[in-house]
Protein chains: 2
Amino acid sequence: MVQSQDLNFTISKLAAHCGVGVETVRFYQRNELLEIPQAQQGATRRYGQAHVERLQFIKKAQLAGFTLREIKQLIALDSTEERSQVLALAQERLQDIERKIIDLHDARDALSQLVNACQTGHAGPCPIIESFETSSSKNKVV
Amino acid sequence: MVQSQDLNFTISKLAAHCGVGVETVRFYQRNELLEIPQAQQGATRRYGQAHVERLQFIKKAQLAGFTLREIKQLIALDSTEERSQVLALAQERLQDIERKIIDLHDARDALSQLVNACQTGHAGPCPIIESFETSSSKNKVV
DNA sequence: TTAAACTGCGTACCATGGTACAGAGTCAAG
DNA sequence: CTTGACTCTGTACCATGGTACGCAGTTTAA
């Protein structure tokens, strides 16, 4: 039955194990993303499996593009049964991501065109700089 | 010959004309992205065409994904003839953008899969939350 | 046992791109 | 000439996601 409680990390071990800094762990604690453990050994707190999992949860959710604020909401929603709210949050996030992808595509296309122009053209003013200059009738950026 | 000097804006007119806030103009001045004009009328500065163009330059370069720091470099490079450095900067920017696009695609795919799972599945724990929980053998996010 | 290393706590600081506001001066219209 | 709107300057503050540091107390290894 010793299976999830066998970990007994100090804060620095926990941080190292999860690939974050000690200060980051404390930062999450301050921001109520990670519980301060009750378990102590003397004055030093001991962290267990649940803390490792929570840190991993945070990291994965960050990778999926959630902000810490949203992750906090997800954690709160997890303990309730508000599955539809989780879905709503995820859908919003998805729309954000899709919007950003479109923006970045636009930016990339404009910029790569400029880079090409700059590599191709041989004389005259730099087309990149030029294109940012006022919009008369020159290359348009975005 | 009066052709670029005919504008005579106060700071608030300039800001309004360019679609930014007065405080933003001052912010750019503090950060040496925009010159403080010599021209004054009494104690009040007067802004001209060059300022309008600079603000437009900044806005366009931002749209292309440059940071203010990079824009400052572009401005500096513009006055030199360091066209190759402009190109290098643009290429770096382009790589950043491409990296971000890939990351966002990954995030989007993972998340949309989760959203689908959540909409499809009818019972059991929320697949979105679940997928962030520790990585045993569940859906991987990113 | 003693020194190094770590812990906990509070607070300040970093970059990024602004936004807000106080206080003093100035400008323009009525 | 007064009133209200605007300007200038400096400084503080906002969110975001951490990072750093000082200090006192504790733990650990030699």
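Lettering follows sequence order; numbering is per chain, from 1. The analysis underlying the following values was restricted to heavy atoms, covering all of them including side chains, and did not include hydrogens, waters or symmetry mates.
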Among pairs that include at least one residue of residues 14-27 of chain A, which meet side-chain hydrogen bond (donor to acceptor under 3.5 Å, both in side chains), considering only residues two or more places apart or in two chains?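 The answer is none; no pair qualifies.
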Could I get the full list of salt bridge (charged side-chain N to carboxylate O under 4.0 Å, His left out) partners for B/Lys72, not counting sequence neighbours?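 Expected list: B/Glu32.
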Kindly write out the residues that satisfy salt bridge (charged side-chain N to carboxylate O under 4.0 Å, His left out) with A/Arg99, not counting sequence neighbours, or none if the list is empty.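 Testing A/Arg99 for salt bridge (charged side-chain N to carboxylate O under 4.0 Å, His left out), a comparison that skips the adjacent residues, returns A/Asp96.
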Tell me, please, the opening and closing nucleotides of DNA chain C, 5' to 3', among those with an atom under 4.0 angstrom from a non-hydrogen atom of chain B.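 Nucleotide range in contact with chain B: C/dT16 to C/dC27.
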side-chain contact (heavy atoms from CB on, under 4.5 Å) against [X], all qualifying residues, sequence neighbours excluded:
{"X": "B/Leu89", "answer": "B/Gln73, B/Leu74, B/Leu77"}
{"X": "A/Arg45", "answer": "A/Ile36, A/Pro37, A/Gln40, A/Tyr47"}
{"X": "A/Gln91", "answer": "A/Leu87, B/Val115, B/Gln119"}
{"X": "A/Asn31", "answer": "A/Phe27, A/Leu33"}

Whole-Å gap separating C1' (D/dT26) and CD1 (A/Ile11):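 Result: 15 Å.
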Between B/Thr44 and B/Thr67, who's closer to the 5' end of DNA chain C by nearest nucleotide?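 Nearest nucleotide further toward 5': that of B/Thr67.
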Toward the 5' end of DNA chain D, by each residue's nearest nucleotide, A/Tyr28 or B/Val22: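 Whichever sits nearer the 5' end wins; that is B/Val22.
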Can you give me the N/O atom pairs linking the protein to nucleotides 9-11 of chain D at distances under 3.5 Å, or say none if there are none?
unit_1, atom_1, unit_2, atom_2, d
D/dT9, OP1, B/Arg45, NH2, 2.5
D/dT9, OP2, B/Arg45, NH1, 2.5
D/dT9, OP2, B/Arg45, NH2, 3.0

So does B/Glu35 have more than 12 non-hydrogen atoms from other groups sitting under 6.0 Å from CD?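 Count not over threshold, so no.
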